[in-house]
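This report refers to the structure that appears directly beneath it.
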Amino acid sequence: MTTSPAPSASLSGTPVVPGVAAGPVLHVRGEVSPDAIARFGDGDFADADAALAAYDDAVGAVAETFAAKAANAQGAAAEVLTASAGLARDKGLRGAVNKLLQAGQGPVAAVQGAVEQFVTIFTNMGGLMAERVTDLRDIERRVVAHLVGEPAPGVPTPSEPSILVAEDLAPSDTSGLDPTLVTALVTERGGATSHTAIIARQLGIPCVVGAAGIMDLATGTFVVVDGETGAIELGADPDEARGRVEESRRLREELASWTGPAATLDGLPLKLLANVADGASAESAGVEPVQGVGLFRTELCFLDRKEEPSVEEQADIYSAVLAPYADGRYVVVRTLDAGSDKPIAFATHEGEENPALGVRGLRLSFDNPGLMERQLDGIAAAAERTGTETWVMAPMVATVAEATDFSEKVRARGLKAGVMVEIPSAALLAHRMLEVVDFLSIGTNDLTQYAMAADRMATDLAHLTDPWQPAVLQLIAITAHAGTEAGKPVGVCGEAAADPLLATALIGMGITSLSMAARAVRPVGAQLSRVSLETCEAAAEAALGAPDPMAARAAVREVLGH
């Protein structure tokens, strides 16, 4: 039985999507009914092979559900749902289930036992693999529900606008939410770069994560959620709360009506770009007030491919992304960022002890140079076919030598060459990197994780996996300054770019472009249009001088007069 904290109390977490919402708490149903599992028992199967066939049937249904949701989603939502579909079909997981079935366990116990084995493995790996634990648990619940004949657990349909509260939310839970009924998300676990946070940004739903104690609130408790400060208030006056919600709604609508062009109040031109995953998302993002694509995640086109596509097939796929921007805009293509939590059958290594720190991204080409050569040939062919200005960057670059080698390959094909700044060494050597490449792009999600040595899904460390951390902001500032000195572009394409408040500080540091989910472009553009460059520089100084993330947010809000 849950008990609510005393009236007028408040909780707090990490704010990830701004906006104020108020309403009753609605808990997510996370488990399959114990009664249904008990009635099912070991199931009515002739032998272990029959039980495995039932498992295969359940997995197929679950994976198809993920795939169907991915087909109706875009960007990060499509990415994580596609990855979940692949994880559900994982051969290693199936093998573990089969081993337990052959040992005499029933189907439900075998699924639970196999998942527990993988949860332990992923947790010990840390990094991005630990983030997949939530997805594994989600798959377990859905497969068990299918086996015992229960509806899949997950988000209930609210009868009124409500605040959705959960220990954590899987991508399958958050991707299909109706923002008119779920007016805010609050989770006990997760950080600013968790799947919940990423998808909430795409949906435009106010969101606070890492809110300790939120699960102690009773269903129906009236709360006010402030997605800018991270506060969850109890005991607020409903009429006053409605006024705050209405003012927040009005402001968000005003921001959403911004149409560009991107510039500060005093006329400094800015570049706002979109993050895309495929031709469909590129086409839909192209109608937004963006000046191009700042991050085309090529690996998302191949998560379900067992064989490497030919150069011609790759050119066709890339052309679909480049074509909508042949009107004078440009596209930044990232070469395969496979590995860790995004395995690709024809590219990535298996069995690494710590894949987040292993052979991923650019490192895949070290012992398979043809993989990179063929991808660059496909990109170059697509650029020539469409006539779109095309920039190419590599992920997970750690040394100047790596940047030099990659740059030579890209420039030999007549394209602009850049690298991502995700590893702290790249930020610290940004000035030298810019001697050999044409541009840099900061991936704040990985940069934060690597700089702070903190797993993005470790609830107790959520305060560390926050791009507002002083050390992370300092690495961004070092990189931006190097770009200013070299007279070359330095962009941000991580989730930090989608935060309107942080965007002002990033521009003040000297960042020249911000790339984000298409839905975030208008609020960010509107915010930047209201401030001068001088104000942005003051915001940067305030953020960099703050002792912790919450103090940095408060300092920037004070500079902006929020």
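Numbering starts at 1 and runs along the sequence shown.
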For L272 versus A262, what's the shortest heavy-atom pair and its separation?
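Reported closest heavy-atom pair: CG-CB, 3.8 Å.
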Grab the two heavy atoms, one from Y325 and one from G292, that are nearest each other, plus how far apart they are.
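Scanning both residues, the minimum pair turns out to be CD2-CA, 3.8 Å.
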Sequence neighbours left out, what passes salt bridge (charged side-chain N to carboxylate O under 4.0 Å, His left out) with [X]? Give chain and number order.
X    : result
R137 : E116, E140
D466 : R553
R94  : D56
R374 : E308

Between D178, V182, L177, which is the residue that forms a side-chain contact (heavy atoms from CB on, under 4.5 Å) with P158?
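Of the listed residues D178, V182, L177, the side-chain contact (heavy atoms from CB on, under 4.5 Å) partner of P158 is V182.
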I'd like to know if the side chain of [X] and the backbone of [Y] have a donor-acceptor N/O pair within less than 3.5 Å.
X    : Y    : value
T264 : L268 : yes
D377 : V311 : no
K488 : L434 : yes
E402 : A398 : yes
R329 : G286 : yes

For residues [X] and [Y], determine if any side-chain heavy atom of one lies less than 4.5 Å from a side-chain heavy atom of the other.
X    : Y    : value
L415 : V392 : yes
V397 : M433 : yes
T183 : L164 : no
L322 : Y330 : no
I476 : T444 : yes
F296 : R334 : no
P269 : P261 : no
V333 : Y318 : no

Evaluate N275 against S515 for side-chain hydrogen bond (donor to acceptor under 3.5 Å, both in side chains), listing each step before the verdict.
CA-CA 6 Å; N275 295 345; S515 188; 2.5 Å; yes
How long is the gap from [atom1] on [X] to [atom2] on [Y], to the nearest 0.5 Å?
X    : Y    : atom1 : atom2 : answer
N368 : L336 : CG    : CG    : 10.0 Å
E422 : L447 : CD    : CG    : 8.5 Å
L440 : C493 : CG    : SG    : 11.0 Å
M372 : I379 : CE    : CD1   : 8.0 Å
K416 : S407 : NZ    : OG    : 12.0 Å
Q314 : Q375 : CD    : CD    : 5.5 Å

Only counting residues at least two apart or in another chain, list the ones meeting side chain to side chain contact (heavy atoms under 4.5 Å, CB included) with [X].
X    : answer
E373 : K409, R413
E288 : V290, A518, R522
P467 : A192, T448, A496, L502
D138 : F66, R141, R142, A170, S172

When the side chains of residues 58-65 are checked against the rest of the protein, which donor-acceptor pairs come out under 3.5 Å, sequence neighbours left out?
{"residue": "T65", "atom": "OG1", "partner": "A61", "partner atom": "O", "Å": "3.0"}

So, are R297 and D278 salt-bridged, with charged N and O less than 4.0 Å apart?
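Between D278 and R297 there is no salt bridge, as every charged N stays at least 4.0 Å from the carboxylate O atoms.
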List in chain and number order the residues that pass side-chain hydrogen bond (donor to acceptor under 3.5 Å, both in side chains) with T512, two or more places apart in sequence or in another chain; answer none if no residue qualifies.
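side-chain hydrogen bond (donor to acceptor under 3.5 Å, both in side chains) check on T512 returns nothing, list empty.
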Please, which pairs that meet side-chain hydrogen bond (donor to acceptor under 3.5 Å, both in side chains) have at least one residue in residues 387-400, sequence neighbours excluded?
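Residue pairs passing side-chain hydrogen bond (donor to acceptor under 3.5 Å, both in side chains), neighbours aside: T386-T388, E389-W391.
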Can you pull out every ring-ring contact (aromatic ring centres under 6.0 Å, His included) where at least one residue sits in residues 363-390? Sequence neighbours excluded, please.
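Of all non-adjacent pairs touching residues 363-390, none passes ring-ring contact (aromatic ring centres under 6.0 Å, His included).
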